[in-house]
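Everything numeric in this text was worked out from a predicted model, so none of it was measured.
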Amino acid sequence: MHPSFLPVLAILALSHCTAHAGTQADAAADTSQTIHVNSIRNPELKSYRVMAAGLDAFDDHHALAPKAREVRFQLIPGPDAPADIMQDVALRIAGSDTTITVPLSANGSFVLPRSAQADSEDADLVTNRKQGQFRWQASVRSDDVPPGMRRLGDLRLQCQVTVAIAKKEIPFLIRTLVAAKLRTTDWCAADALKMGTHSDPAIASATLLDGERRVALQVKNGGTSFLAPVGDTRYADDTLIELVYKDAGDAPPPSL
């Protein structure tokens, strides 16, 4: 990981980690889809135990978004990924005796199943792509949020999932430095934390709606993300953020 807390905070702000909550029983191995992972040298992967920490965080903080049925993960192509990176991309949980196919939607999002066996085997989530070509993004969405909107409580829960995973991946010293900088071990509750949230399609603006007030939020990376004030207690969990897309005909898929 990065050698100082500021890059770590940047990683958290861009939501480069992800998690998703599911209460499914251990999934049986799915043989209906062939995934050629073993032939890829240094494949893109994540520890199942690390990602499962996000599932626990979703359950622990579900009160932030009680109408959110699940948290999804998404594989997001990195800036150096080839244009056809999502074509035939596949994902599975692979352990010493475990092979569980994880279905991917067309945009690379998925639900992570609970598996005690995968946890006991210290299994990995493995793609059929080389390492370094994806970011892993968490997404939490309540069922009743209108199209073109994001709910602040959903983003706060998304932050809890992201941070839970990050804390499993970064060294103790870095965790200590971040907590000292934010003055709390609950990073998502820190006033200083603005969480970057990925948007696909790209947005022209993001505006927080607080009663009669309209608060413009910072849009970054060419419209592919915006900064949400998840730690600002002035805004209730039901506060909505209005997104205006660069292409007026664009609309995000319901699963994301």
**Q.** Stepwise side-chain contact (heavy atoms from CB on, under 4.5 Å) test for Ile76 and His198
**A.** CA-CA 9 Å; Ile76 300 174; His198 177 77; 3.5 Å; yes
(Q) Is there a side-chain contact (heavy atoms from CB on, under 4.5 Å) between Tyr235 and Arg213? Walk through the geometry before answering. (A) CA-CA 11 Å; Tyr235 305 121; Arg213 295 180 63 215; 3.9 Å; yes
Q. Please walk me through it: do Val50 and Glu169 pass side-chain contact (heavy atoms from CB on, under 4.5 Å)?
A. CA-CA 7 Å; Val50 165; Glu169 291 188 309; 3.6 Å; yes
(Q) Please evaluate residues Met195 and Thr197 with respect to the criterion side-chain contact (heavy atoms from CB on, under 4.5 Å), reporting the C-alpha separation (whole Å), side-chain torsions for both, the decisive distance (0.1 Å), and the verdict. (A) CA-CA 6 Å; Met195 188 185 78; Thr197 300; 3.5 Å; yes
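Side-chain atoms of Tyr48 come within 3.5 Å of backbone atoms of Ser115 as a donor-acceptor pair (strictly under, hydrogens ignored). Between the Thr176 side chain and the Phe172 main chain, a donor and an acceptor come within less than 3.5 Å of each other. In this structure a side-chain-to-backbone donor-acceptor pair under 3.5 Å is present from His62 to Ala68. Although no hydrogens or angles enter the test, the distance criterion places no donor-acceptor pair under 3.5 Å between the side chain of Lys168 and the main chain of Gly54. Checking side-chain atoms of Arg49 against main-chain N and O of Asp119 turns up a donor-acceptor pair under 3.5 Å. Asp154 contributes no side-chain N or O that, together with a main-chain N or O of Ala65, makes up a donor-acceptor pair within less than 3.5 Å. Remark: side-chain polar atoms of Glu121 are paired, donor with acceptor, to backbone N or O of Asp97 under 3.5 angstrom. In this structure a side-chain-to-backbone donor-acceptor pair under 3.5 Å is missing from Ser142 to Asp144. Under a 3.5 Å cut-off, the side chain of His61 and the backbone N or O of Leu64 do not form any donor-acceptor pair.
The side-chain heavy atoms of Pro229 and Leu217, taken from C-beta on, include a pair separated by under 4.5 Å. With contacts defined as side-chain heavy-atom distances shorter than 4.5 Å, the pair Pro77/Met86 qualifies. Using a 4.5 Å heavy-atom cutoff, the side chains of Ile93 and Thr99 are not in contact. Using a 4.5 Å heavy-atom cutoff, the side chains of Ile100 and Arg92 are not in contact. Counting only heavy atoms from C-beta outward, the side chains of Phe110 and Gln74 never approach each other to under 4.5 Å. Residues Leu125 and Leu45 form no side-chain contact, since every pair of their non-hydrogen atoms from C-beta on lies 4.5 Å or further apart. With contacts defined as side-chain heavy-atom distances shorter than 4.5 Å, the pair Val89/Phe134 qualifies.
Partners of Asp88 under the side chain to side chain contact (heavy atoms under 4.5 Å, CB included) rule, at least two apart in sequence or in another chain, are Arg129. Every residue was checked against the side chain to side chain contact (heavy atoms under 4.5 Å, CB included) condition with Asp80, not counting sequence neighbours, and none meets it. Considering only residues two or more places apart in sequence or on other chains, Ser199 meets the side chain to side chain donor-acceptor pair (under 3.5 Å) condition with none of them. Looking at residues two or more places apart in sequence or on another chain, you find a salt bridge (Lys or Arg N to Asp or Glu O under 4.0 Å) between Arg214 and Glu242.
What you find for Ser47 and Asp122 is that their closest heavy atoms are OG-OD1, 4.0 Å. Of all non-hydrogen atoms in Val219 and Ala204, the two that sit nearest each other are CG2-O, 4.3 Å. The two residues Ala190 and Thr184 have their closest heavy-atom pair at CB-CG2, 3.9 Å. Considering every non-hydrogen atom in both Val140 and Arg150, the closest pair reads O-NH2, 2.9 Å.
A side-chain donor-acceptor contact under 3.5 Å links Ser105 and Asn107. Of the N and O atoms on the side chains of Arg72 and Gln158, not one donor lies less than 3.5 Å from an acceptor on the other residue. Side-chain atoms of Asp60 and Gln160 include no donor-acceptor pair closer than 3.5 Å.
Going from atom CD1 of Ile203 over to atom CG of Asn221 covers 10.5 Å, rounded to the nearest 0.5 Å. Rounded to the nearest 0.5 angstrom, Leu227 CG and Leu155 CG are separated by 11.5 Å. Ile241 CD1 to Thr207 OG1: the interatomic distance, rounded to the nearest 0.5 Å, is 9.5 Å. Between the CG atom of Asp200 and the OG1 atom of Thr224 there is a distance of 9.0 Å, given to the nearest 0.5 Å. The line from OG1 of Thr127 to CD1 of Ile85 is 7.5 Å long, rounded to the nearest 0.5 Å. A distance of 5.0 Å separates CG in Leu193 from SG in Cys159, rounded to the nearest 0.5 Å.
Chaining together hydrophobic side chains whose heavy atoms lie under 4.5 Å apart places Leu240 alongside Val145, Met149, Leu209.
Between Lys46 and Asp124, none of the side-chain N atoms (NZ, or NE/NH1/NH2) sits under 4.0 Å from a carboxylate O, so this pair counts as no salt bridge.
Note that Lys181 lies outside the cation-pi zone of Trp187, set by a 6.0 Å cut-off to the ring centre and a 45° limit from the axis.
Within the structure, salt bridge (charged side-chain N to carboxylate O under 4.0 Å, His left out) contacts touching residues 223-238 (residues at least two apart or in different chains) are Arg151-Asp238, Arg156-Asp237, Asp232-Arg234.
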